[in-house]
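Sequence lines set the chain letters: A, B, ... in the order given, protein chains first and strands last, and positions in each chain run from 1.
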Amino acid sequence: MDYQRLAALMFPQELKTPEEYEALFPVRNLPEGAKITRMAPSPTGFMHLGNLFGAIVDERLAHLSGGKFILRIEDTDLKRQVPGAVELITRVFGQYGLNIDEGVTSDGEIGEYGPYYQRQRAPIYQAFAKKLVLEGKAYPCFCTEQDLENMRNLQEQRHENPGYYGEYAVHRDMDVDTVEQLIKEGKPFVVRFRSTGDPDKTVTIDDQIKGKISVPENNQDFVLLKSDGIPTYHFAHVVDDHLMRTSVVVRGEEWLSTLNWHIQLFGALGFKMPKFAHTSHMMKVDGDKKRKLSKRKDPEASLDFYRTEGYPPESVKEYLMTVINSNFEDWRIANPTAPLETFPFSLKKMSVSGTLFDMDKFRDVSKNVIARMSAEEVYDRVVDWAQEFDQDLYNCLTRDPDYAKSILAIGRGGKKPRKDLALWSEVKDYLSFFYDELFNPDYTMPENVAKEDVARILADYGDIYNPEVDMTEWFNAICQYSGTIGFASSTKEYKQNPEQFRGSPGDTSMVLRVAVCGRQNSPDLFSCMQILGADKVKARLQEALNKLN
RNA sequence: GGCCCUAUGGUCAAGAGGCCUAAGACACCGCCCUUUCACGGCGGUAACACGAGUUCGAAUCUCGUUAGGGUCACCA
């Protein structure tokens, strides 16, 4: 077989040699142990929680080891491309604080191992494909989609494995004259790998997460270059990760099934294999079954969900860390305020089995994240969120920032901070009663307080309330007043003989709370009254009294 | 169906042959603290998928079964 002639027919264009590329992208000069990782999303306009999961692993691995983290765009499939998708990707990286050392950023490409868009790397892949053709390790295939479908049907009928292999690899040994003829006729062709694998033999690799994995050798003549000269994932992955000198390939375990293709290709091209780390999937319960988080069925699969709902990126990251590294939670308890970056992340601690996404757990994590923030920071974040997603809330918050911050400061800080908020979209309801236009009172009074007592408290308290005094004195006044209307004048007293009283100071407070806040649950009532101011408190009491009748 | 991966409470998980009468977190329940709530404290319910084998000894090693997941494209 005249491979020289075959290669010339298949690749008439001017191409650099593989050796030239090797020289162009030399092995990196990095300290011992430094890891090169890469995230390689497709610009589909959708960022999956799993993408972030992988990106965090990549980023931590690289930066904890003094290596490099690369962002490469896998835009080889034109059909799936969506305008603005790359911007979405870089925006997400920015939001989540995943700093790229090399590759595509919001300010263009950086780094010496580019281009980092695969489409722009077409000549590189072609050069290496040509090398394989010259060595008899690849060949053109002129099968149409229809041909392949017919083949699959036949294989299904015969209960044989589907695919392009063995006797089904019909164009494998086509003579060069025929190839020339077909090319002259303008027939499109793909470039296929000529597999020499024996499926009865197995090949074993040591995965960084899963440990030893044994798979049968590949015998499929899979496609290297599509008919438009653009590579498939498999070929692009091998060429890119070699030339970019990636040292650890982190990717989802769905790639395990074609791992033998990649192993074979690294061998055929004479490339040193990188290490592999196959991550398990995020799962979700669907009825009584578990399945992979689905972009179509599960809103929480999309990173956009967290943004629109108002979950801080830190919360998502923090939650993912609890899943990624089993010792993270203990570390966080021991180091409540330490930056995430100081956690000693390790691949060894990664789970090998699929993890169910746990919304309860996630909310808990997020509450803790938000509880650690200052009122100032919460204010800034909520305003940013509201500006985009809740104009009413935005208007309220920005009208008087100090007022808003004083609300958000209630019970914040200290040893036992309040944990009311898990996400920004809960803020509006949380503080609605501080704003007249959001105030939507439910005047349901505590059942154990007689209606005439309610009316009396509401009528009397306006004159009793003194905004000048501190919390202790404020509560003492309520206690004292309670004593004058047949209520106990202390909680202790009431508890000793509940039947002797019409109510307790707690009941009095609850009546006031319902009137002032329009609900039975609120942060500390004293603080609420302080922030609202005496005039507003009195107006609210009157309003509630009017509604009573 | 073939191939591959996985299997400890409802969920995430600790666990590397004896430290296991099996950690911890979330959720749930109870009690305490308390002007309600949110916190916080204390306690509780709840698990090694099944069957063989190896071994003095198995959650841990091996095999099988079962169950779940993934994958079988000119998609990634």
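Remark: the separation of the P atoms in C33(B) and C42(B) is 15 Å, to the nearest Å. Rounded to whole Å, the P atom of C48(B) lies 31 Å from the corresponding atom of G40(B). Going from the P atom of C50(B) to that of C32(B) covers 40 Å, rounded to whole Å. Look at the C1' atom in both G30(B) and A67(B): the space between them is 36 Å, to the nearest Å. Nucleotides A7(B) and G15(B), compared at atom C1', are 15 Å apart to the nearest Å.
To the nearest angstrom, C1' of U35(B) lies 11 Å from NZ of Lys495(A).
If Asn368(A) and Ser257(A) are placed on RNA chain B by their nearest nucleotide, the residue sitting closer to the 5' end is Asn368(A).
Applying the 3.5 Å distance criterion, the base of C74(B) shares a donor-acceptor pair with the side chain of Ser227(A). A donor-acceptor contact under 3.5 Å is formed by the side chain of Arg80(A) with the base of C75(B). Between the side chain of Lys361(A) and the base of A27(B), no donor-acceptor pair under 3.5 Å is found. Residue-to-nucleotide contacts include no donor-acceptor pair under 3.5 Å from the side chain of Arg519(A) to the base of U36(B). Within 3.5 Å, no donor on the side chain of Arg513(A) pairs with an acceptor on the base of C37(B), nor the reverse.
Within the 4.0 Å cut-off from OP1 or OP2 of G15(B), at least one side-chain nitrogen or oxygen of Lys349(A) is found. Close to C74(B), at under 4.0 Å from its OP1 or OP2, lies a side-chain N or O of Arg192(A).
A stacked arrangement is not assigned to Tyr233(A) and the six-membered base ring of C75(B), the conditions of a centre distance below 5.5 Å and an interplanar angle below 30° not being jointly met.
Salt bridge Glu314(A)/Arg372(A): absent, no basic N to carboxylate O contact under 4.0 Å.
Nucleotide U66(B): paired with A7(B) (Watson-Crick or G-U wobble, both distances less than 3.5 Å).
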